[in-house]
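Written out below as C-alpha cells is the structure these notes cover.
Just so we're on the same page: letters track the sequence lines, and every chain starts at 1.
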Amino acid sequence: METQHSVLHPGGTDAETIAILSWIMFGGATAIFFGVAGLTLLAYVGGETMRRRIASGKFIFWGGVIFPLVTVTALLVYGLMLTGARVIASSGTALRIQVSGEQWWWRVRYPASGEAAEAVTANEMRIPVGREVEIELSSPDVIHSFWVPSLAGKVDMIPGMVNRIRLRAARPGVYRGQCAEYCGGPHAMMAFYVVALEPAQYEDWLDRQRQPAASPPLQKAGEGVFFSSGCNACHTIRGTRATGMIGPDLTHVGGRLSLAAATLPNTADAFSHWIRDNQFIKPNNRMPPFGILSNGELAALGAYLESLQ
Amino acid sequence: MPRPSLSNVRRKAFWPLAKAGATWFVIFFALLAAGGFMFAWSGLYSVAASRGHWPGFSLILEFGMRSSVRTHSLGIDVPDLDDPALIDRGAGHFQGGCAHCHGAPGRPSSPIVHAMLPEPPDLGATVPTWKAHELFWIVKNGFKYTGMPAWAAQERDDEVWAIVAFLMRLPQVDASQYLEMAGIELRDAIPVRALAQGGPVGTALAACSRCHGLDGGARANGAFPRLDIQSADYLATQLEAYVSGKRQSGIMQPVAAELDATDMRRLADYFAAQRPTGISVPATSQDSALELGRTLATAGMPGLGLPPCLSCHAVDPDSRSPLYPALAGQYASFTAQQLALFKLGKRRGTPASQIMSVIAQRLTQEQINAVSIYFAELPVRPVGDAN
C-alpha cells in the first residue's frame with residue numbers, strides 16, 4: 001500500500017497552498033541569506049568606500065529596519081489569508097465528517113442523513129476526490145491534533161470544543177495522518193489513513209459502512225469467543241448485541257486498512273496478535289491483554305473479525 | 001627563652017597519648033574478634049535446644065525482641081478489627097497455619113513443639129501484652145532465630161489484619177467457640193460424606209470445607225468466598241495460580257501447595273458440581289448504592305472507561321468464558337476486597353487478572369462497594385442449569 005505522508009507532496013488544494021507558502025518562505029530565506037552573505041563579502045573585499053557606504057545610517061535604516069518589516073508583514077498577511085480563512089469559513093454544502101481524537105485512536109462518524117443510518121468507523125476515513133470535506137474535530141479526554149500533511153494543515157482537538165478543518169483531495173490515494181499533539185503514552189502510535197476515492201466508489205463504500213454486520217455471522221465460532229470473552233463490553237458491532245462504546249466500532253473492521261490506529265496491517269493474524277499482546281505492541285493502550293484465550297480461540301476470533309467486511 | 005605555657009604542654013602531650021590509646025583499642029578488638037572466632041570454631045558452645053539459655057540470657061533476648069517490635073511497628077495504622085467476617089477469616093487460617101505450634105483454645109500443641117527453643121508461646125496468655133499494630137508487625141515479619149515465619153504473601157496486609165483481628169479476640173474465645181470459628185465442628189461429619197461425594201480427595205476436601213463449607217457455600221457473614229457458583233475451570237485455574245504464586249495469599253497458597261494437579265481438578269469439579277442453594281443475603285438498605293451498582297453492572301460508564309461488568313461476568317454460565325468468575329451471589333465483602341486488590345495492582349499475575357486490573361484501576365471505592373452489593377443480591381444461576 002503506497003501512502004503519502006509529506007508536506008512537500010501535496011495531494012489536495014489546501015496542502016498545495018501550504019506547500020506554495022513553504023516554498024516561498026524557503027526561496028525568500030535563501031535569497032536573503034545570500035544577500036547578507038554577499039554584503040559581508042563586499043565589506044571584506046570592497047575597500048574603505050564600500051565599507052563606509054554599508055555602514056551608513058541610511059543603508060541600515062532601509063536594509064535593517066524597513067526591509068524586514070515589509071517582508072515579514074507581507075508573509076504574515078499572505079500566510080493568514082491562506083490558512084486562517086479556511087479554518088473559520090463554514091458552508092452548508094461541504095460533506096460533514098465527525099472525528100473524535102481519543103487516547104489513542106480516532107472515532108470517525110458519518111452522520112445519518114435522511115433514510116441513511118449513521119456510519120461509524122475508526123482510524124480511517126474515506127472521502128470523495130474533488131469535493132470539499134468539513135471535519136468536526138473534538139476530544140473527550142486530552143488535547144490531540146489532527147494532521148494529514150499531504151492534505152491540509154493541523155488543527156487541535158480540544159476537550160469541550162468543536163474545531164473545524166476543511167480539506168479537498170485533488171487526486172485519489174491513501175494519505176497518512178498522525179496525532180500532532182503529545183497526548184500521553186502511545187501518542188506516537190496514534191495515526192490514521194484518509195482514503196480519497198472516486199465519488200462513485202466513495203458512495204458504495206459509505207453505503208456499506210451504514211449497513212449492520214452480516215447476519216448470520218460468517219464465522220460462528222469466532223463470534224462465540226467474541227461474546228463469551230466480553231469483547232462486547234467495549235466494542236460495538238451493529239446488528240448484534242455488542243453495543244460497547246469505550247473502544248472502536250468493529251462493524252466493518254475487516255475492511256479497514258490497518259489495526260490499532262495504523263499500527264498493524266489488517267490481517268487475521270494481526271488481530272490475534274493484537275488481542276493477546278496489545279500491551280506489548282502498544283504499551284499502556286486502554287485495551288486489556290487477553291492472555292486467557294487459547295491459540296485456537298484467538299484464530300477463530302481473528303477470522304471472525306476479519307470476516308466483518 | 002619564654003617558658004612554654006601550660007596549654008602548650010598539654011597539647012603536645014595529647015597526641016602521643018591518643019595514638020597509643022588508639023593502638024591499644026585496635027589490638028583489644030582484634031583479640032576479641034580472634035577470641036570469638038576461636039570460641040565458635042572450637043564448638044564449645046552448644047546449639048542444643050534441649051539445653052536452654054544461660055541464666056538471664058532469655059531476659060536479655062526478650063528485652064531486645066520487645067524493643068525491636070515496639071520501634072519497628074511505629075506508624076502502623078490499625079483498621080477496624082471488629083468485623084465478625086474478618087475475625088472468622090483469621091480464625092480459619094489460625095487453625096491451619098498457627099495452631100500447630102501455638103495451640104488453640106481447648107487444643108494444646110504437641111509435646112514436640114514444647115521442646116522448641118524458644119517454645120512457641122500460648123497466645124491466649126501473651127497476646128494481651130502486645131498492641132494490635134505490634135501484632136500486625138510480628139505476624140507480617142516473623143522473628144529471626146525462632147520458629148516464627150514471616151507472612152507467606154507479603155503483599156497481603158489485609159490477610160495479616162484478619163489474623164490480628166482474631167488474635168485480639170483469642171483470649172476470650174473458649175474451646176467450643178473456637179471449634180465453630182475455625183470451622184472444625186464440621187470435621188466429624190465430613191469423612192463419610194466427603195468420601196462419598198469427593199471421592200479420593202476426601203481429606204483435602206475436609207481442609208477446604210472448614211472455611212468454604214462442604215457445599216462450597218461458605219458462611220453467611222461473607223468471611224470466605226463461595227465456590228459453589230464457580231465453574232470447575234475457574235476454580236482449577238485459581239488453585240494453580242496459588243501454587244505458582246501468580247495469585248498471592250498467605251492463607252490459600254499454603255493450602256493449595258499440598259495439592260497435586262489431579263487433586264486440584266477433582267476438588268474443582270466437586271465444588272463446581274454443587275447446586276448453589278441461594279444463600280439469603282440480608283437485603284441492604286443502601287438503595288443508592290444498589291442503583292449505582294446496577295448501572296455499573298448493566299450499562300457501565302463508557303465515559304470513564306468502565307464497561308458493564310455483566311458483559312464478562314454474565315449471570316448465565318453459558319454466555320461466560322469459563323475462566324471468568326461468576327459474581328452473582330458472591331459475598332459483597334469478598335468481591336469488594338478482591339476489587340481493591342486489583343485496583344492496588346496486587347492481583348495481576350494471571351492472564352484473566354490482567355484484564356480485570358486494567359478496569360479496576362478506573363473504579364472508585366464507592367463504585368467498588370456499590371457493584372459488590374449489587375452482585376451479592378443477584379440470584380445465582382448454577383453451571384449447567386439451562387434456566
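At a 4.5 Å heavy-atom cutoff, B:A314 makes no contact with chain A through either its backbone or its side chain. With a 4.5 angstrom heavy-atom cutoff, A:F290 touches chain B via backbone and side-chain atoms both. When heavy atoms are compared at a cutoff of 4.5 Å, B:L310 does not approach chain A at all. For A:P140, no part lies near chain B; criterion is any non-hydrogen pair under 4.5 Å.
Applying a 4.5 Å heavy-atom cutoff, none of the residues of residues 240-250 of chain B approach chain A.
Within a 6.0 Å radius of CD in B:Q361, other residues, nucleotides and ligands contribute more than 12 heavy atoms. Within 6.0 Å of CD on A:Q309 lie more than 12 heavy atoms contributed by other residues, nucleotides or ligands. Around CZ of A:R256, the count of heavy atoms belonging to other residues, nucleotides or ligands within 6.0 Å exceeds 12.
Closest non-hydrogen pair, B:P351 versus A:I292, comes out as CB-N, 3.6 Å. Between A:R286 and B:R362, the shortest heavy-atom contact is O-NH2, 3.0 Å.
With respect to chain A, the highest number of heavy-atom pairs below 4.5 Å among B:I359, B:V358, B:I355 belongs to B:I355. For the set A:G291, A:A233, A:P289, A:G247, the count of heavy-atom pairs under 4.5 angstrom toward chain B peaks at A:A233.
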